Structures are given as structure tokens and as C-alpha cells.
A.B. asks: 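Encoded as C-alpha cells, here's the structure I'll be asking about.
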Amino acid sequence: AMAADKGVDLTTTGQAVIYYETHTDDTRADKGMFDKDESMANVGLQLNIGGDIGNGFTLGTQASYIGTLGLEKNLVSGTRADAGQSLNNDLTTQIMLSKIFVAKQIGNTTLKLGRQELPKSLSPLAYSEGWNVFKNTFDAIVAINTDIKDTTIVGAWVGESNDPNANYSTLSDLKGAGLDVNDGAYMLTVANKSIPMTALTASYYTLHGIDLAPLAGTAATATADNNGNNATALWIDAKIAGKDLPLGLNIGLQYGNISPDIKDDATVTRALNKDTSALGVKVGMKPVDNLMVELAYTTVDDGTIAVKNTGTGIKSPLFTQAIYNQDFISSDASTIGLKAAYNMGDMGKVIVNYNMTTDDRNA
């Protein structure tokens, strides 16, 4: 009421989600799709309240509830998002403040402080994933500038994230592929559209306080300290598309490099300072209305750090990312992916993926 008296107009939006997943993997113990033991589910509610609060400031808040409504009692055997939180009987802890931020417009610069989503298009190595019940968010400071024609410059400090798969209700350090990022990350992104039919984006990161937890297939005696361990990362993405191209033709190119600077435990011998490089290309077309087909190829060498989202340690920004294949494609592997998606309007999309990966790892 006080806000309304001062002319502040807040907007309320929200969503309700029922998430159900079932699978078959053709193992001896597998009971088949739709069996309770091969299925998981969640029920979620989100409420967003925010808007212009005057003097160039914008407020954003989001409250999220994740539970099951008891579906695990007879329909499924587990949950997809944060099992501890989803099955928690303590009613006071099932609602999380998943967003709270203030943004300030200063000329052509927007400064955004607080808990917020980060889009993969502008932060390819620390982004909010949309495959689970709800997207993960970050405690971050983000500055966005558009002073230069056809160019967007983004600078960010990213401190913590909540992982939708394991700990949606808990903020934690950023996560790598075997090497966690304890002390946060700085990012600078430049996105430019000056070249006709081309959107070019380049991101540079410095990752700090990298954890020396043992990597898969290596000696388990490595310590978990972070003696000034850091890494830098570069990610370049190009999208080529235009109305003049036939059949909705579009082309994507990506290149990434992660360069660690890590001091290993004296009792362990392993190559921890080997750069990781990644390349990707994809070609997409829309042969008929509402239908998209895409062919992609990615290759990643055998560097120390796998190419994954440091916000969650789960998905990869590679073009060949599909369902549950991130561990196979993100390190020392080459992958070919074929994808088709049909848009049915209000009923959603039907998506079919086929991937084939050549995994060159010894472990």
C-alpha cells in the first residue's frame, strides 16, 4: 500500500510446473519406461514481483517452491531437482528466494546487482540452465553497456550459484569439471552485429581459487586446497543467419580455450596445467514451417578442465549438448549430432536428438 501511494507500479507474474521424467537404458536391472523405479518427478511454483521503483531503479524478486505433492509415494521413485529439498518435511524451508536484484540505468549502461539469471548467449561458461524444473541463478554484479554502435559490452563478477540438480536451495561455489572454482569468476563479454548477417560474441573469464579435488581416473590422495590456483578461459561464438539465405539457413561456429594455472599436491603426479581447446560448427535449416533441422560437430582435446558450465558443473555450451551426454562430449572427444524440432504452438515442441561420440579418454 505504501508503494502504491508513491506511484510505484509492481508487476506480478509466475508459473506452475509439473516435471516428469522416465527413461530406459537397456541394462539388466532396467525395468523399462514409465516404471516407478525408472521415473522421477517434481512440482514447482514460482512467483515474480518487480518493476520500476523510480529514479532509474528496477527491482526484481522471485520466490520458488519445489516439492513433489507426494508423487514419490506411488508414481515415481525420486526427484529431478534437489532431492533433499523436494522431500523435506519442514514446511519453512521449501520456499527459496531464487532471485532478488536491483538494476540501475545510467545513460547507456545498466548496472544489475544481486541474485539473477545469466543467459548463455552472454555468459557461455557460467549460465542459467533451463532443462530442469527451474533455472539456476547467481549472486553476481553485472554491468551492460551499449554506447558503441551495434555492440554490447558486459562485465560481471560471479560469486555463487545454486545447482538445480543437487542443491537448488543452497548457494555454493562455482563448479568445474573436476576442478571447482571456490573464489568466483570475472567475465568480460563483447557482442557485435556490425558484420552483415553475423552476430559475433567473445567472452573472457578469470576463474579463481580452483579446488584440487581429485579428477576422475587419477590418484585419490590429491589435497582439496586452492593455493592461488586460477584459470583463464576464452569463448568465441559466431552466428550467421539472414532472411536472404535459402530455407532459413543458419550457421554457427564456436571456439573455446581454458588455460589453468594450478599447483599440484607434491604426492601426486598428473598434468594439471594442460590447456583445453574446443571447436564446434553447426548448420541449421527450416525446410517447412515450424520444422527445424540441425547438424552439428564438436571436438574437444584432452586438456585438464572439461568444457562445462561453471555455474552448475552439469551442462556444456557445446553445440552437441543433448540429454545426459555432457560427460562424454566435454573432454577428449569428438561428437556428431543431428537434431529436429517441430513447433506445435501452444502445445509445445517435439524434439528428436541423435548423437554419436568418439571418446578418446583412457579412463
Side-chain angles (χ1 to χ4, degrees), residues 1-17 19 42-67 81-82 84-86 88 90-106 109-123 125-145 154-175 181-187 189 208 309-314:
M2 293 176 61
D5 290 342
K6 295 182 179 180
V8 175
D9 186 14
L10 297 179
T11 300
T12 302
T13 61
Q15 63 172 330
V17 176
Y19 182 105
N42 274 106
V43 175
L45 298 172
Q46 277 187 332
L47 177 66
N48 306 290
I49 299 176
D52 187 350
I53 56 176
N55 198 29
F57 284 93
T58 301
L59 171 70
T61 66
Q62 181 183 77
S64 300
Y65 158 81
I66 294 181
D82 197 343
Q85 190 72 14
S86 300
N88 199 333
D90 181 358
L91 300 181
T92 63
T93 61
Q94 284 193 307
I95 297 178
M96 290 73 72
L97 192 59
S98 48
K99 283 184 187 179
I100 181 164
F101 63 83
V102 172
K104 170 67 173 177
Q105 185 75 31
I106 307 172
T109 300
T110 299
L111 184 64
K112 191 174 182 180
L113 299 90
R115 194 165 303 156
Q116 56 191 288
E117 293 180 8
L118 295 178
K120 184 167 65 172
S121 60
L122 293 177
S123 181
L125 293 178
Y127 60 91
S128 298
E129 298 176 358
W131 62 275
N132 209 318
V133 183
F134 295 136
K135 292 182 178 182
N136 60 294
T137 52
F138 297 84
D139 276 4
I141 302 173
V142 180
I144 305 170
N145 179 270
V154 182
W157 155 253
V158 185
E160 296 178 305
S161 171
N162 62 334
D163 179 352
N165 193 46
N167 295 297
Y168 186 79
S169 58
T170 303
L171 285 168
S172 62
D173 296 327
L174 304 183
K175 300 173 182 173
V181 182
N182 290 308
D183 296 337
Y186 293 93
M187 182 202 76
T189 291
H208 299 272
N309 179 9
T310 58
T312 64
I314 302 177

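This one's a predicted model, so the numbers in the text were calculated from it and none came from an experiment.
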A.B. asks: Return the minimal non-hydrogen interatomic distance between Asn136 and Ser128, and the atom names on each side.
C.D. replies: O-OG, 2.7 Å

A.B. asks: Can you find a heavy atom in the side chain of Val142 that is under 4.5 Å from one in the side chain of Val158?
C.D. replies: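 A side-chain contact is absent here, since even the closest heavy-atom pair is not under 4.5 Å.
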
A.B. asks: In chain order, what residues pass the side chain to side chain contact (heavy atoms under 4.5 Å, CB included) check against Phe57, with sequence neighbours excluded?
C.D. replies: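 Side chain to side chain contact (heavy atoms under 4.5 Å, CB included) check on Phe57 returns Ile53, Asn55, Val102, Lys104.
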
A.B. asks: Does the plane of the ring in Tyr186 sit parallel, tilted or perpendicular to the ring in Trp157? Use 30° and 60° as the thresholds.
C.D. replies: tilted

A.B. asks: Identify the two heavy atoms, one from Ser98 and one from Ser64, that lie closest to each other, and give their separation to 0.1 Å.
C.D. replies: OG-OG, 2.6 Å

A.B. asks: Measure the spacing between CD1 of Ile66 and CG of Asn132 and express it to the nearest 0.5 Å.
C.D. replies: 7.5 Å

A.B. asks: With rounding to the nearest 0.5 angstrom, report the CG to CD1 distance, Leu113 to Ile141.
C.D. replies: 5.0 Å

A.B. asks: Does the side chain of Asn309 come within less than 4.5 Å of Ile314's, by heavy atoms?
C.D. replies: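 Not touching, per the 4.5 Å side-chain cut-off.
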
A.B. asks: Which residues pass the salt bridge (Lys or Arg N to Asp or Glu O under 4.0 Å) test with Lys99, sequence neighbours left out?
C.D. replies: Glu117

A.B. asks: Do you know the tightest heavy-atom contact between Gly130 and Lys135?
C.D. replies: CA-CG, 3.8 Å

A.B. asks: What distance do Asn182 atom CG and His208 atom NE2 have between them, rounded to the nearest 0.5 Å?
C.D. replies: 12.5 Å

A.B. asks: Sequence neighbours left out, what passes side chain to side chain contact (heavy atoms under 4.5 Å, CB included) with Gln105? Give chain and number order.
C.D. replies: Thr110

A.B. asks: Given side chains that start at C-beta, do those of Thr137 and Asn162 come closer than 4.5 Å, heavy atoms only?
C.D. replies: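 Yes, side chains in contact.
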
A.B. asks: For Tyr65, what residues pass the ring pair (Phe, Tyr, Trp, His ring centres under 6.0 Å) criterion, not counting sequence neighbours?
C.D. replies: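 For Tyr65, no residue satisfies ring pair (Phe, Tyr, Trp, His ring centres under 6.0 Å) once neighbours in sequence are set aside.
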
A.B. asks: Can you tell me how far apart CG (Leu10) and CG (Asn48) are? Round to the nearest 0.5 Å.
C.D. replies: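 Those atoms lie 12.5 Å apart.
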
A.B. asks: Once ring pair (Phe, Tyr, Trp, His ring centres under 6.0 Å) is applied, do any residues pair with Trp131, and if so which ones, sequence neighbours excluded?
C.D. replies: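 Trp131 satisfies ring pair (Phe, Tyr, Trp, His ring centres under 6.0 Å) with no residue once adjacent residues are dropped.
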
A.B. asks: Among residues at least two apart in sequence or on other chains, which ones pass side chain to side chain contact (heavy atoms under 4.5 Å, CB included) with Ile100?
C.D. replies: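 In terms of side chain to side chain contact (heavy atoms under 4.5 Å, CB included), with neighbours along the sequence ignored, Ile100 is linked to Thr61, Leu97, Arg115.
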
A.B. asks: Please report the interatomic distance CG(Leu174) to CG(Leu125), rounded to the nearest 0.5 Å.
C.D. replies: 11.0 Å

A.B. asks: Is Asp52 close to Asp9 at the side-chain level, that is, under 4.5 Å between some pair of heavy atoms?
C.D. replies: no

A.B. asks: Give, for atom OG1 of Thr312 and atom OH of Tyr127, the distance between the pair rounded to the nearest 0.5 Å.
C.D. replies: 6.5 Å

A.B. asks: Under a 3.5 Å distance rule, please check whether Gln116 uses its side chain to pair with a backbone N or O of Ala140 as donor and acceptor.
C.D. replies: yes

A.B. asks: Are Gln46 and Val17 close enough that some pair of their side-chain heavy atoms sits under 4.5 Å apart?
C.D. replies: no

A.B. asks: Which atom names give the shortest non-hydrogen contact between Phe138 and Ala126, and what distance separates them?
C.D. replies: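 Closest pair (atom of Phe138, atom of Ala126, distance): CZ-C, 3.7 Å.
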
